[in-house]
Amino acid sequence: MPLPVVAIIGRPNVGKSTLVNRLAGVNEAIVHDEAGVTRDRTYKEAFWGDREFLVVDTGGLVFDDDTEFLPLIRQQAMAALAEASVAIMVVDGQVGPTAADETIATWLRQQSVPVLLAVNKCESVEQGLVQAAEFWSLGLGEPHAVSGIHGNGTGDLLDQLITYLPSTDQLEETSEIRVAIIGRPNVGKSSLLNAFVGENRAIVSPISGTTRDAIDTVVERQGQRYRLIDTAGIRKKKQVEYGTEFFSINRSFKAIRRSDVVLFVIDALDGVTEQDQKLAGRIAEEGRACVIVVNKWDAIEKNSHTIYEFDKAVRDRLNFMDWAETIYISAQTGQRVEKIIDLINTAAEQHKRRVSTSVINEVLEDAARWHSPPVTRQGRQGKIYYGTQVSSQPPTIALFTNEAKLFNENYRRYIERQFRQSLGFTGTPMRLLWRSKKLREVERNTANRATKV
Ligand code: GDP
Ligand code: GDP
């Protein structure tokens with residue numbers, strides 16, 4: 001499963017973005033930019049102990065005083081809440097409870113997501129307790145006194161928070177493999193779907209929830225179920241009538257997010273276009289496993305070099321996806337269509353694969369032996385203390401170092417190559433999280449690992 005999401009909610013100016021930056025670490029790169037309908041939602045990566053999650057700031061939530069934009073912001077908050085495992089409502093301890101806080105709290109109590117209450121701007125510990133106590137009235141349980149600026153109280157808040165995140169075991173979930181068929185218009189997605197499914201073998205199952213009229217098709221091969229995501233979106237050519245490509249692109253993005261493996265279809269007649277590159281970039285960014293499907297192979301005039309040349313073009317233009325396998329098919333004649341299944345299986349398996357900490361550290365030791373971390377002009381050298389896989393789908397390895405900044409792009413890429421060479425992970429992107437050693441975290445991790453063994 002992808003990383004769990006924590007939604008930050010509250011009225012403007014209570015310190016939501018300050019708190020997000022505190023939880024995520026101010027220097028964290030933004031990892032996801034959901035091109036939403038209304039406003040970009042920004043996800044930041046955060047971690048506590050060995051738990052990784054995404055924090056999403058919802059913008060200031062205002063219920064009364066509806067100007068033009070407010071309903072959109074509210075919609076944004078609702079969308080964020082829909083995908084969140086837990087929400088943090090932020091209030092201002094120096095101001096005390098306001099009517100707006102109460103409205104938001106009432107609304108939150110009606111949602112199904114667990115809510116933690118963070119009373120921000122409580123720099124003084126003693127006074128903070130008094131300030132926080134005033135917020136029991138919101139009916140959201142224990143108010144946690146914190147200061148986004150200074151950081152006090154955030155440790156306890158995070159201790160609480162991670163108890164609400166789905167456990168790693170829960171995340172391992174079903175054996176069904178969710179597959180999205182993605183590609184530009186006319187590359188042959190619906191032809192592939194038909195070839196894949198055949199008339200009789202399809203079980204069509206509408207899914208309820210946020211994506212209205214999304215229809216999944218479930219197929220089975222050798223006892224394994226494959227859920228083909230939002231096949232209605234593939235079949236519905238009428239989309240084009242909406243005029244903008246935006247609608248279907250947005251739909252594709254949603255399908256990508258719900259999938260384990262993306263079948264990324266490109267048209268052999270067109271080669272890899274710029275739009276293909278963008279779509280592929282998106283798939284990699286979202287951390288989905290991927291199989292590159294070159295369709296209409298029947299329509300190409302071939303000699304003995306053709307496939308190598310095409311392969312090279314794919315490698316060059318999709319070089320950021322060099323981990324994905326490529327298959328050449330014809331949806332029309334059915335050539336190699338069933339072979340796609342093997343590649344989906346491999347990609348899905350690798351996507352959720354877990355590697356033990358000892359194996360990871362063997363790779364790291366080996367890597368450092370061949371090529372030690374760079375030394376700065378000031379004579380400082382990076383050191384990786386240890387690495388451990390913190391989540392799967394995609395495989396994500398946290399590396400605990402003396403100082404993450406000491407590792408330049410080159411060295412980071414080198415380490416990733418070493419992991420690829422030793423561990424494979426064919427068909428799936430992998431993520432490396434470079435962490436600076438914070439004593440508390442490292443100790444926790446060590447303790448956690450010790451208890452797990
Ligand atoms: P948002 O609109 O809820 O995202 O709030 P911001 O994070 O932009 O913060 C609003 C204001 O509150 C800014 O002037 C911050 O400097 C201030 N602020 C945020 N966190 C704290 C805090 O922990 N203590 C104090 N005293 N001020 C804070
Ligand atoms: P979609 O928009 O991606 O769903 O594409 P379609 O499946 O509707 O196919 C677009 C066009 O490409 C149609 O005219 C298909 O007949 C044609 N097409 C699809 N697959 C193949 C193929 O494998 N070979 C050839 N020659 N044409 C194909």
Side-chain angles (χ1 to χ4, degrees), residues 29 31-33 35 179-189 191-192 245 249 252-253 255-256 259-332 335-337 339-340 342-344 346-348 350-351 367 371 394-395 408-432:
V31 288
H32 294 274
D33 262 317
V179 181
I181 303 176
I182 300 293
R184 289 181 296 113
N186 279 317
V187 294
K189 294 182 296 298
S191 308
L192 176 59
E245 247 173 55
I249 285 183
S252 305
F253 286 174
I256 292 173
S259 69
D260 300 313
V261 182
V262 174
L263 291 185
F264 177 51
V265 186
I266 55 189
D267 187 329
L269 294 167
D270 298 340
V272 183
T273 70
E274 210 171 297
Q275 245 187 318
D276 289 330
Q277 289 177 305
K278 284 191 189 141
L279 263 179
R282 182 68 181 213
I283 295 163
E285 247 169 63
E286 290 286 356
R288 306 295 88 196
C290 183
V291 175
I292 300 169
V293 178
V294 182
N295 188 33
K296 309 193 189 178
W297 198 239
D298 61 293
I300 292 271
E301 243 183 78
K302 292 178 269 296
N303 61 36
S304 54
H305 302 298
T306 316
I307 198 155
Y308 298 106
E309 282 161 11
F310 212 100
D311 240 356
K312 185 173 178 333
V314 170
R315 295 289 153 220
D316 285 350
R317 306 217 71 192
L318 301 179
N319 58 351
F320 52 90
M321 231 190 205
D322 54 3
W323 40 263
E325 292 192 90
T326 307
I327 187 166
Y328 295 83
I329 69 146
S330 167
Q332 205 159 68
Q335 186 190 17
R336 279 192 287 271
V337 166
K339 290 231 165 68
I340 297 176
D342 295 337
L343 302 190
I344 294 177
T346 307
Q350 295 297 313
H351 195 225
H371 187 13
N408 57 23
E409 263 319 298
N410 258 341
Y411 198 78
R412 291 178 183 212
R413 271 200 296 271
Y414 162 69
I415 292 292
E416 174 157 358
R417 274 200 309 277
Q418 295 304 109
F419 276 125
R420 286 280 178 195
Q421 263 167 29
S422 315
L423 308 176
F425 285 120
T426 305
T428 175
M430 62 183 298
R431 293 207 168 121
L432 297 186

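Among all heavy-atom pairs drawn from Ala268 and Ile300, the shortest one is O-CD1, 3.4 Å. Across all non-hydrogen atoms, the minimal contact from Ala331 to Asn295 is N-OD1, 2.9 Å. Counting all heavy atoms, side chain and backbone alike, Pro395 lies closest to Pro429 at CD-O, 3.4 Å.
For the side-chain contact (heavy atoms from CB on, under 4.5 Å) with Phe264, the qualifying choice from Val187, Ile181, Val291, Leu318 is Leu318, the only one to do so.
The pair Arg184-Asp276 meets the salt-bridge criterion, with a side-chain N (NZ, NE, NH1 or NH2) lying under 4.0 Å from an Asp/Glu carboxylate O. For the pair Arg282 and Glu286, the salt-bridge criterion is met [side-chain N within less than 4.0 Å of a carboxylate O].
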Please assess Leu432 against Arg412 for the test side-chain contact (heavy atoms from CB on, under 4.5 Å), listing each intermediate value before the final yes or no. CA-CA 8 Å; Leu432 297 186; Arg412 291 178 183 212; over 6 Å; no

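Between Glu325 atom CD and Asp342 atom CG the span is 9.5 Å, to the nearest 0.5 Å. Here Asn186 contributes atom CG and Leu269 contributes atom CG; the two are 11.0 Å apart, rounded to the nearest 0.5 Å. To the nearest 0.5 angstrom, Asn410 atom CG is 12.0 Å from Ile415 atom CD1. With values rounded to the nearest 0.5 angstrom, Asp267 atom CG is found 9.0 Å from Thr273 atom OG1.
Using a distance-only test at 3.5 Å, with no hydrogens or angles considered, no donor-acceptor pair links the side chain of Tyr328 to the main chain of Arg336. The main-chain N or O of Ala348 is never found under 3.5 Å from a side-chain atom of Asp260 such that the two would form a donor-acceptor pair. A donor-acceptor pair is defined here as one N or O able to donate and one able to accept, closer than 3.5 Å; such a pair exists between the side chain of His351 and the backbone of Gly287. Judged purely by atom type and a 3.5 angstrom limit, Asn303 uses its side chain to pair as donor or acceptor with the backbone of Thr306. Judged by distance alone, the side chain of Lys189 and the main-chain N or O of Gly183 form a donor-acceptor pair under 3.5 Å. Without hydrogens or angle criteria, Lys339 side chain to Ile329 main chain gives no donor-acceptor distance under 3.5 Å.
For Arg317, there are no salt bridge (charged side-chain N to carboxylate O under 4.0 Å, His left out) partners, not counting sequence neighbours. For Phe419, the ring-ring contact (aromatic ring centres under 6.0 Å, His included) test picks out no residue, with sequence neighbours left out. Residues passing the salt bridge (charged side-chain N to carboxylate O under 4.0 Å, His left out) test with Arg413, sequence neighbours excluded: Glu409.
In this structure, Lys312 places its NZ atom where only 12 or fewer heavy-atom neighbours from other residues, nucleotides or ligands lie under 6.0 Å away. Atom CD of Glu274 sits in a sparse spot, with 12 or fewer heavy atoms from other residues, nucleotides or ligands closer than 6.0 Å.
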